[in-house]
Trainee: 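Here you go, one structure.
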Amino acid sequence: MALEHAILVSLLEQPGSGYELARRFDRSIGYFWTATHQQIYRVLGRMESDGWTAVTEVPQEGRPGKKVHSVTGPGRAALSAWLAEPVELEGVRHDLAVKIRGAAFDDPSALINEVERHREAHAGRLARYRAGEQRDFPDPAALGTAEELQHAVLRGGIAYEEMTLAWLDDVLATLRRIGGHR
C-alpha cells in the first residue's frame, strides 16, 4: 500500500487540512500505517498535482486561510483500482523475537527488562485502543458501513495487542524459569 491510499481513505472519511490529516494519522490510521507529517504534506501536494484531491481555501479569523483537501473523481477511481488489487501476504520482521532466540547463547535473564518494556508499551497501546473503542463505538449495533469497517480494523488491533501481551507473558515466564528468578 502506498501512503496515497491511506490518505485517500482518511480524506473520504472526512476532508481536512494537512494538519488535521497528520493528527488523524497520529490518533488512528498511524496505528497500522505510519507516516511523518512531512511525508503526508509531500504526498498531499503530489496528489493535488495528479488531480486526486482538490483544495478549498477556508478563511479563518485572525489567521491565514486553511487548505481543506477532499478526494476528486480520479482519486476515488485510483482508490477503487487499488481496492481491486490483491494484497501480498505481509512478512514479519521482529527484532525482539531474534533477541529472544539469541538469548540461548548468553544470559536469558538479561532480556527480562527489555521484554517487560515491550509488554508495558503494548499494554498502553491496548488501553488506548479500548478507550477509543468505548469513545468512538459505544453502540456497535447503530454503526453505518464506514464506522462498522473502522470498528473491524480497531477490533483487529485489539486482538493483536491481546495476543502480543499473552506471548510476552509467556516469554517472561520462560525467561524467568530458565534464566533465573527476578
Side-chain angles (χ1 to χ4, degrees), residues 1-88 90 93 95 117-165:
M1 170 172 68
L3 177 57
E4 287 87 345
H5 300 112
I7 290 174
L8 285 170
V9 169
S10 184
L11 290 176
L12 284 167
E13 289 175 348
Q14 181 177 346
S17 69
Y19 175 77
E20 292 164 342
L21 187 60
R23 294 220 17 172
R24 278 188 240 158
F25 267 74
D26 290 342
R27 284 190 334 262
S28 62
I29 291 176
Y31 291 134
F32 55 89
W33 188 263
T34 58
T36 66
H37 291 205
Q38 285 179 329
Q39 289 172 313
I40 291 169
Y41 281 102
R42 187 171 46 251
V43 169
L44 275 173
R46 187 170 58 243
M47 292 171 69
E48 182 184 2
S49 295
D50 291 345
W52 287 14
T53 63
V55 176
T56 305
E57 186 90 19
V58 176
Q60 298 187 103
E61 199 170 307
R63 299 190 304 208
K66 175 169 75 168
K67 293 181 177 184
V68 175
H69 300 261
S70 59
V71 178
T72 63
R76 279 183 177 268
L79 181 64
S80 183
W82 176 75
L83 289 172
E85 293 175 6
V87 176
E88 293 298 320
E90 296 173 2
R93 188 177 149 186
D95 291 345
R117 185 177 71 81
H118 279 259
R119 190 192 188 294
E120 185 177 315
H122 283 281
R125 186 177 294 163
L126 177 59
R128 287 190 302 278
Y129 285 179
R130 285 182 173 154
E133 182 179 40
Q134 291 298 312
R135 180 191 67 233
D136 297 337
F137 307 105
D139 183 8
L143 299 177
T145 301
E147 294 83 12
E148 182 74 29
L149 294 173
Q150 290 169 357
H151 193 211
V153 171
L154 179 59
R155 288 191 314 267
I158 289 169
Y160 176 81
E161 294 304 328
E162 290 171 340
M163 179 274 308
T164 300
L165 287 171

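Reckoned from all heavy atoms, side chains included, excluding hydrogens, waters and symmetry mates.
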Trainee: What distance do Leu8 atom CG and Glu13 atom CD have between them, rounded to the nearest 0.5 Å?
Mentor: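 Atom-to-atom, Leu8:CG and Glu13:CD are 11.5 Å apart.
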Trainee: Please check if the side chain of Thr72 supplies one atom and the backbone of Ala54 the other of a donor-acceptor pair under 3.5 Å.
Mentor: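 Checked: no pair found.
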Trainee: Under 3.5 Å, is there a donor-acceptor pair between the side chain of Ser80 and the main chain of Arg76?
Mentor: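 The answer is no, because no donor-acceptor pair under 3.5 Å joins these two groups.
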Trainee: Any donor-acceptor pair under 3.5 Å linking the side chain of Arg130 with the backbone of Ile158?
Mentor: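 No; judged by distance alone, with no hydrogens or angles, the pair does not exist.
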Trainee: Going by heavy atoms in the side chains, are Leu3 and Phe25 under 4.5 Å from each other?
Mentor: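 Yes - at least one pair of side-chain heavy atoms lies under 4.5 Å apart.
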Trainee: Check whether Glu147 reaches the backbone of Gly144 with its side chain - one donor and one acceptor, N or O, closer than 3.5 Å.
Mentor: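 Yes, the answer is positive, given that a donor and an acceptor are paired below the 3.5 Å cut-off.
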Trainee: My understanding is that only one of Gln14, His69, Lys66 makes a side-chain hydrogen bond (donor to acceptor under 3.5 Å, both in side chains) with Glu20; could you say which?
Mentor: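 For Glu20, the side-chain hydrogen bond (donor to acceptor under 3.5 Å, both in side chains) check succeeds only for Lys66.
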Trainee: Between atom CD of Glu4 and atom CD1 of Ile40, what is the distance when rounded to the nearest 0.5 Å?
Mentor: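 These two atoms lie 11.5 Å from each other.
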Trainee: Do you know which two heavy atoms are closest between Tyr41 and Tyr19, and how far apart they sit?
Mentor: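 Result for this residue pair: OH-N, 2.9 Å.
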Trainee: Find the distance between CE (Met47) and CG (Asp50) and round it off to the nearest 0.5 Å.
Mentor: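 Separation between the atoms: 8.5 Å.
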Trainee: Around Arg23, counting heavy atoms of other residues, nucleotides and ligands shown, do more than 12 lie under 6.0 Å from its CZ?
Mentor: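 12 or below, so no.
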Trainee: Once rounded to the nearest 0.5 Å, what's the spacing between atom CG of Leu12 and atom OG1 of Thr53?
Mentor: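 The OG1 atom of Thr53 is 11.0 Å from CG of Leu12, to the nearest 0.5 Å.
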Trainee: What heavy-atom pair brings Leu165 and His122 nearest, and what distance separates the two atoms?
Mentor: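 Nearest pair, atom of Leu165 first, then His122: CD2-CB, 3.9 Å.
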Trainee: Using a strict threshold of under 4.0 Å (side-chain N to carboxylate O), is an ion pair present between Arg155 and Glu133?
Mentor: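 Salt bridge flag = no for Arg155 with Glu133.
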Trainee: Please state whether the rings of His5 and Trp52 are parallel, tilted or perpendicular, taking 30° and 60° as the class boundaries.
Mentor: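 The arrangement is tilted - the two ring planes meet at 30° to 60°.
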Trainee: When you measure from the side chain of Gln39 to the backbone of Thr36, do you find a donor-acceptor pair of N or O atoms at a distance under 3.5 Å?
Mentor: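 Yes, Gln39 side chain to Thr36 backbone: donor-acceptor pair under 3.5 Å.
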Trainee: Does Gln38 have more than 12 heavy atoms from other residues, nucleotides or ligands lying within 6.0 Å of its CD?
Mentor: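 No.
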Trainee: Could you measure the distance from the NZ atom of Lys67 to the OG1 atom of Thr56? Nearest 0.5 Å is fine.
Mentor: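 OG1 of Thr56 is found 11.5 Å from NZ of Lys67.
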Trainee: Apply side chain to side chain contact (heavy atoms under 4.5 Å, CB included) to Val68 and Val55, showing your working.
Mentor: CA-CA 5 Å; Val68 175; Val55 176; over 6 Å; no
Trainee: Using a 3.5 Å distance criterion without hydrogens, assess whether the side chain of Ser10 forms a donor-acceptor pair with backbone atoms of Ala6.
Mentor: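 No, Ser10 side chain to Ala6 backbone: no donor-acceptor pair under 3.5 Å.
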Trainee: Roughly how far apart are Ile7 CD1 and Leu44 CG, rounded to 0.5 Å?
Mentor: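 Ile7 atom CD1 to Leu44 atom CG measures 4.5 Å (nearest 0.5 Å).
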